[in-house]
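One structure is given here, and the rest of the page talks about it.
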Amino acid sequence: MIIVAITGASGVTLGVKLLKTLKDLNIETGLLISDTAKTIIEYELDISCEEIINISDHYYENNDLFSSVNSGSFKFDSVVIIPCSMKTLSAIANAYAANSITRVADVALKERRKIIIVPRETPLRTAHIENILSISKEGGIILPPIPGYYSKIKTLEDMENFIIGKVLDSLGINNDLYKRWE
C-alpha cells in the first residue's frame, strides 16, 4: 500500500492526480488530508474532499493518532507527501509527530520505508533547506515539483504528468506519463 498525504500547500491537484494514477494502475492507496489542505482543495479544485477520499482505498483522519496507520506495525510500502507544506516538512525533520501525516512520515523514516516529499514553497529560506537536508540524510527522497523542460511541456497537464511520472519513477512504478530524455 502507498500512503498519499496531501498537506496545506498550493498544488493539491498533484496529490489528487497521484491518487487517480495509482487507482488506474490498481495500486492500493491510503489517504491522509490535513485540515488546511481541505480548505485549499475547496479553493483550488472543482472537486470535494469526499470525492477525493472516494478515489482512495482507505482513508485515515489526520487528527486521529489512534488510527492504525500511525503504528510502526502497520504495513505500508511507502508514503508520498504531495504537496508538502513547510510546516509539515519542519515537523518531519524535527520528529514532531503531532498528527497522522507527520507520524506516518516518522514511521517511514524510523522503519526505513520509502518516503517521498514533494515540497511546495518558493523561494526557499535557509531553514527550509536545512530541514530538507535533514530528511534527505535519513533516506527521504525530496522531489520538488520542478518540470524537466526537455519533455517539451506545453500545458499545465504536461507539467503535472511530468511530476507524477517522476514520483512513480521514485516508487519504482513503470509509467509513460512524460517524454523521457533521449
Side-chain angles (χ1 to χ4, degrees), residues 2-19 22 29-45 47-53 55-56 58-72 74 76 78-147 159-160 163-164 166-167 170-171:
I2 297 173
I3 304 294
V4 176
I6 301 173
T7 72
S10 184
V12 292
T13 188
L14 293 171
V16 175
K17 184 164 187 70
L18 176 60
L19 267 178
L22 292 170
T29 58
L31 175 63
L32 290 158
I33 304 174
S34 75
D35 289 340
T36 305
K38 290 176 182 177
T39 302
I40 293 172
I41 286 166
E42 290 178 18
Y43 181 79
E44 290 186 350
L45 305 178
I47 185 172
S48 71
C49 283
E50 201 59 41
E51 290 173 272
I52 296 169
I53 290 167
I55 297 167
S56 69
H58 310 278
Y59 176 70
Y60 308 96
E61 284 293 339
N62 190 41
N63 295 319
D64 181 6
L65 287 172
F66 292 99
S67 177
S68 60
V69 74
N70 294 292
S71 173
F74 181 79
F76 64 89
S78 52
V79 59
V80 181
I81 304 174
I82 180 171
C84 184
S85 68
M86 290 299 110
K87 177 182 175 183
T88 299
L89 188 124
S90 177
I92 294 165
N94 292 286
Y96 183 65
N99 59 46
S100 292
I101 293 173
T102 54
R103 175 61 185 159
V104 78
D106 197 55
V107 166
L109 288 168
K110 77 181 186 75
E111 301 285 336
R112 305 295 190 253
R113 298 182 197 170
K114 188 167 279 191
I115 179 169
I116 299 169
I117 295 177
V118 181
R120 225 335 262 123
E121 185 65 79
T122 191
L124 297 172
R125 57 181 276 233
T126 303
H128 299 152
I129 295 166
E130 288 171 347
N131 287 333
I132 287 169
L133 179 60
S134 173
I135 293 167
S136 179
K137 284 181 175 179
E138 289 192 71
I141 297 169
I142 308 299
L143 199 154
I146 302 169
M159 186 202 74
E160 292 171 353
I163 301 306
I164 299 307
K166 294 299 275 187
V167 169
S170 293
L171 290 168

Worksheet entry | Nearest heavy atoms of Ile6 and Pro83, plus distance in Å |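 Closest pair (atom of Ile6, atom of Pro83, distance): CG2-CD, 4.0 Å.
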Test of understanding: with side chain to side chain contact (heavy atoms under 4.5 Å, CB included), list the residues that count as partners of [X], not counting sequence neighbours.
X	value
Ile47	Leu45, Glu51, Ile52
Ser136	Ile142
Ala93	Asn131, Ser134, Ile135
Ser78	Ile2, Lys114, Leu171

Discussion item. Just to verify, which of Val118, Ile116, Ile92 counts as forming a side-chain contact (heavy atoms from CB on, under 4.5 Å) with Ile81?
Written reply: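 Checked Val118, Ile116, Ile92 against Ile81; only one passes side-chain contact (heavy atoms from CB on, under 4.5 Å): Ile92.
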Mind jotting down which residue pairs meet the salt bridge (Lys or Arg N to Asp or Glu O under 4.0 Å) criterion with at least one end in [range]? Sequence neighbours excluded, please.
range	value
residues 86-96	none
residues 116-139	none
residues 101-111	Arg103-Asp106

Worksheet item: How long is the span from the CD atom in Glu61 to the CG atom in Asn99, to the nearest 0.5 Å?
Response: 11.5 Å
Validation: residues 37-44 side-chain donor-acceptor distances under 3.5 Å, sequence neighbours left out:
| unit_1 | atom_1 | unit_2 | atom_2 | d |
| --- | --- | --- | --- | --- |
| Glu44 | OE1 | Gly11 | N | 3.1 |
| Glu44 | OE1 | Val12 | N | 3.4 |
| Glu44 | OE2 | Ser10 | OG | 2.5 |

Worksheet entry | For Phe74, ring pair (Phe, Tyr, Trp, His ring centres under 6.0 Å) partners two or more places apart | Tyr60
Discussion item. Taking ring pair (Phe, Tyr, Trp, His ring centres under 6.0 Å) as the definition, give me every residue that meets it alongside Tyr59, ordered by chain and number, with sequence neighbours left out.
Written reply: none
Worksheet, complete the sentence: For Lys17, the side chain to side chain donor-acceptor pair (under 3.5 Å) test, sequence neighbours excluded, returns Asn161
Atom pairs and distances, side-chain donor-acceptor, residues 62-69, under 3.5 Å, sequence neighbours left out:
| unit_1 | atom_1 | unit_2 | atom_2 | d |
| --- | --- | --- | --- | --- |
| Asn62 | OD1 | Ser100 | N | 3.3 |
| Asn62 | OD1 | Ile101 | N | 2.9 |
| Asn63 | ND2 | Asp35 | OD2 | 3.1 |
| Asp64 | OD1 | Phe66 | N | 3.1 |
| Asp64 | OD1 | Ser67 | N | 3.4 |

